[in-house]
Amino acid sequence: MILNLDPKFAPFQNQEEIKFQSFTFSGGEPHIKINPDFDSNQKITITHRLNSFNDLGLLCITVDALRRMDVKIIDLFIPYFPAARQDRVMIPGEPLSVKVYADIINGLQLNKVFVFDAHSEVTPALVNNCTVIPNHTFIQQILKVIGENVKLISPDGGALKKIYKVSEFLGGIDVVECSKSRDVKTGKLSGFKVYEDDLNGIDCLIVDDICDGGGTFVGLAEELKKKNAGKLYLAVSHGIFNKGFEVLDCFDKIFTTNSFKDFDDERVFQIKLDQLI
Ligand SMILES: O=P(O)(O)OC[C@H]1O[C@@H](O)[C@H](O)[C@@H]1O
């Protein structure tokens, strides 16, 4: 049975849903009342988009309510793992935020935790019973739209291992390796390298987990164009797009999923997770 905490995000179709009412108290605390009309001996899968501490709060009290109703086996599907990028302490004084979230989720004693395209190997290493769903079928769906005569572009070393797995899944599509550098003091992006001399007008699909402000992809797109790239496409599993889509108008098409939020904008092609899992 499924308990979809975010009613707009219901990735598992054709499964019986547990009904509930949720609201926020005037002091800002989330609250939930779960309809007790279900068999508590069954496994329950909670789905949620954890984008804020309030979302996490709602998840925690939901698990508590289910436990008090004698539910023993609870799975969790949270496609975007919060603070997954905060997976190392760069400067003393910073938190290891991903561990803070992982510890809270581990405290819920869940049977399984499913995450879509985790940022790095740190998330599954910290979260108990974690299964990472790869982005393979996401990219496969995209190729149905743009065609298979493309090169897959890995923006940096961190994305390399994953992109080679995608390439293998898709029968060996060419991968172009790239790297990005940052100013050590400010952390700002300072340059990109594309490790291929001439792209000969071939279309390029940049594949990464997250687009936040988009600086990575705009900078990389410029370098790819200098290397004679054809059309440029961007595929990011988790679309935050905090600077909007205007900054990304160098791309012919942008693809993402609904793991973080829903987009109703013709500039982005959103593939819902229920078509991918
Ligand atoms: O350049 P923006 O979009 O802000 O940030 C996205 C990049 O930051 C990384 O952690 C992501 O994996 C991606 O490479």
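Start at 1 and go down the list; that is how both ligands and their atoms are numbered. All heavy atoms count here, side chains included; hydrogens, waters and symmetry mates do not.
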What's the shortest distance from [atom] to any protein heavy atom, and which residue and atom give it?
atom	answer
atom 11 (C) of ligand 1	D209 OD1, 3.5 Å
atom 14 (O) of ligand 1	D208 OD2, 2.5 Å
atom 6 (C) of ligand 1	I210 O, 3.3 Å
atom 2 (P) of ligand 1	G214 N, 3.5 Å
atom 8 (O) of ligand 1	K180 NZ, 4.0 Å
atom 9 (C) of ligand 1	H119 CE1, 4.0 Å
atom 4 (O) of ligand 1	G213 N, 2.9 Å
atom 7 (C) of ligand 1	T216 OG1, 3.6 Å

### Query
If you measure from CG on L205 to CD1 on I163, what distance do you get to the nearest 0.5 Å?
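Here the rounded value is 7.5 Å.
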
Check: [X]/[Y] side-chain N/O donor and acceptor closer than 3.5 Å:
X	Y	result
H48	D6	no
Y195	S179	yes
N4	T47	yes

### Contact partition for D212 relative to ligand 1, non-hydrogen atoms under 4.0 Å
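It is both backbone and side chain that touch ligand 1.
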
### Query
Heavy atom under 4.0 Å from ligand 1: found in Q86's side chain, backbone, both, or neither?
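It is neither part, as no heavy atom is under 4.0 Å.
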
### Message
Suppose I only count heavy atoms of R85 and a 4.0 Å limit; which atoms of ligand 1 are within that range?
### Response
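So the atoms of ligand 1 that pass are 10 (O).
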
Which of parallel (below 30°), tilted (30 to 60°) and perpendicular (above 60°) describes [X] and [Y]?
X	Y	result
F255	F269	tilted
F77	F114	tilted
F23	F25	perpendicular

### Task
Inspect the surroundings of CD in E168 and state if more than 12 heavy atoms from other residues, nucleotides or ligands are less than 6.0 Å away.
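It does not: E168 CD has 12 such atoms or fewer within range.
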
#### Entry: Nitrogen or oxygen atoms of L189 and ligand 1 under 3.5 Å apart
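Min N/O separation from ligand 1 is not below 3.5 Å for L189.
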
### Query
Okay, side chain of K253, backbone of V268: is any donor-acceptor separation there less than 3.5 Å?
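A pair under 3.5 Å: no.
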
### Message
Measuring from non-hydrogen atoms of C211 to any atom of ligand 1, is the shortest distance under 4.0 Å?
### Response
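Distance cut 4.0 Å: C211 passes for ligand 1.
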
